[in-house]
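Worksheet for the structure shown next.
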2 protein chains.
Amino acid sequence: MNKKYRLDGRIWINCGEYPSIGQGKIELLIKIREHGSLRQAALEMKMSYRQAWFHVSNINHSLSTPAVILSRGGKDGGKAVITPSGEKLIDTFLTIQADFEHFLNEQSLKPGLLEI
Amino acid sequence: MNKKYRLDGRIWINCGEYPSIGQGKIELLIKIREHGSLRQAALEMKMSYRQAWFHVSNINHSLSTPAVILSRGGKDGGKAVITPSGEKLIDTFLTIQADFEHFLNEQSLKPGLLEI
DNA sequence: GATCGTTATGTTTTATCAGGAATAACGAAG
DNA sequence: CTTCGTTATTCCTGATAAAACATAACGATC
């Protein structure tokens, strides 16, 4: 039947009493940085605007400094800007995530998991 | 507001097309080993018997060799026994889980996460 | 001050899932 | 052949989460 198993997992940043931040929210931040628009970011992630807005709201409340500045009105109707604090969050998470994937691969190759 | 963040996460054994095996199922296996009874294990985990039964069924279908042998009838009404294969599964997972927790602690202390 | 595209938020509907209730099946022991 | 406690399985209902829908607020530009 099953000949191969591999270790899988997820990590996130625990913010105490506030909502955690993981892969999904980080990807959203990256899309926001790319487009400068929350709506565009949500569309590209096939996520409802509402949900994306809640994500951003949660992220900003979880951190001591906002990661995204949203503003409405104006020439383009509004915009979304990643702050330096947001940039640092993205960078830190991606670095840790890379280490984590290395850990998963390493453990997947160990005899224990292969011999179940 | 928030002064401290820490890295958190979960791992599980990916069994391809079959359901994955993680902390919860492993804990159930340990309780089963302890009591020799699926019902008792479910009770102690504050889990419905139904759910526990599905867990065991999924585990056995995910592996090439069953981890638990369930039998009904007899003097005590029935019993649940962990196979050597199940023992190995428990042992392997706990070992990896310990390494993973070490990884989480290590990363939580790195400057990146503390300085967000 | 009218327009426009975006941000902001409330309401309603739908889909999914967890849990409980109920009941059958089983087989050693007496 | 009756009893007993457990395993095995179906069905139903309430809770919760996700999505859809609707609409207000905003402000640079013209």
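Numbered from 1 within each chain, the chains take letters A, B, ... in sequence-line order. Below, each value reflects all heavy atoms present in this structure, side chains not excepted, and no hydrogens, waters or symmetry copies.
- Listed by chain and number, the residues in a side chain to side chain contact (heavy atoms under 4.5 Å, CB included) with Ser71(B) are Lys79(B) (sequence neighbours excluded).
- For the pair Tyr49(A) OH and dG5(C) P, the interatomic distance rounds to 16 Å; values are reported in whole Å.
- Residues Leu89(B) and Leu63(B) form a side-chain contact, since some pair of their non-hydrogen atoms from C-beta on lies under 4.5 Å apart.
- Interatomic distance, CE of Met45(A) versus CD of Gln51(A), reported as 9.0 Å (0.5 Å rounding).
- Not counting sequence neighbours, the partners of Lys110(B) by the side chain to side chain contact (heavy atoms under 4.5 Å, CB included) test are Asp99(A), Gln107(B).
- Of the side-chain N and O atoms in Trp53(A), one or more sit less than 4.0 angstrom from OP1 or OP2 of dA8(C).
- Taking the 5' to 3' direction, DNA chain D first and last meets chain A under 4.0 angstrom from a heavy atom at dA19(D) to dT29(D).
- Taking every heavy atom of residues 24-44 of chain B and every atom of DNA chain D, pairs under 4.0 Å involve Ser37(B), Leu38(B), Arg39(B), by number.
- With hydrogens and angles ignored, the 3.5 Å screen pairs no side-chain donor or acceptor of Asn60(A) with any backbone N or O of Thr65(A).
- Between Gln51(B) and the phosphate of dG19(C), there is a side-chain N or O to OP1/OP2 separation shorter than 4.0 Å.
- In this view, Phe54(A) and Arg50(A) satisfy the side chain to side chain contact (heavy atoms under 4.5 Å, CB included) rule, not counting sequence neighbours.
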Going by atom type alone, with no hydrogens or angles, which donor-acceptor pairs under 3.5 Å involve a side-chain atom of residues 20-31 of chain B and a protein atom two or more places apart or on another chain?
{"from": "Gln23(B)", "atom 1": "OE1", "to": "Gln97(B)", "atom 2": "NE2", "distance (Å)": "3.4"}
{"from": "Gln23(B)", "atom 1": "NE2", "to": "Glu27(B)", "atom 2": "OE2", "distance (Å)": "3.3"}
{"from": "Lys25(B)", "atom 1": "NZ", "to": "Ser20(B)", "atom 2": "O", "distance (Å)": "2.8"}
{"from": "Lys31(B)", "atom 1": "NZ", "to": "Glu44(B)", "atom 2": "OE2", "distance (Å)": "2.9"}

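- For residues 75-102 of chain A, the set of pairs meeting the ring-ring contact (aromatic ring centres under 6.0 Å, His included) definition, not counting sequence neighbours, comprises Phe100(A)-Phe100(B), Phe100(A)-Phe103(B).
- When the side chain to side chain donor-acceptor pair (under 3.5 Å) test is applied to Arg33(A), the partners found at least two apart in sequence or on another chain are Glu87(A).
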Item to check | Under 4.0 Å protein heavy-atom contact, by nucleotide of nucleotides 10-17 of chain C - B base, S sugar-phosphate only | outcome: BB------

Donor-acceptor pairs are to be reported for all side-chain atoms of residues 8-16 of chain A against protein atoms at under 3.5 Å, with residues two or more places apart or in another chain.
{"from": "Asn14(A)", "atom 1": "OD1", "to": "Gly16(A)", "atom 2": "N", "distance (Å)": "2.7"}

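- Taking the side chain as every heavy atom from C-beta outward, Leu113(A) and Leu7(A) approach each other to under 4.5 Å.
- One distance of note links OH of Tyr5(B) with OG of Ser62(A); it measures 8.0 Å at 0.5 Å rounding.
- Mapping Phe54(B) and Ala80(B) onto DNA chain D via the closest heavy atom, the residue that lands nearer the 5' end is Ala80(B).
- In this structure, Glu34(B) has no side chain to side chain donor-acceptor pair (under 3.5 Å) partners at least two apart in sequence or on a different chain.
- Within a heavy-atom distance below 4.0 Å of DNA chain C, the residues of residues 69-78 of chain A found are Leu70(A), Ser71(A), Arg72(A), Gly73(A), Asp76(A), Gly77(A), Gly78(A).
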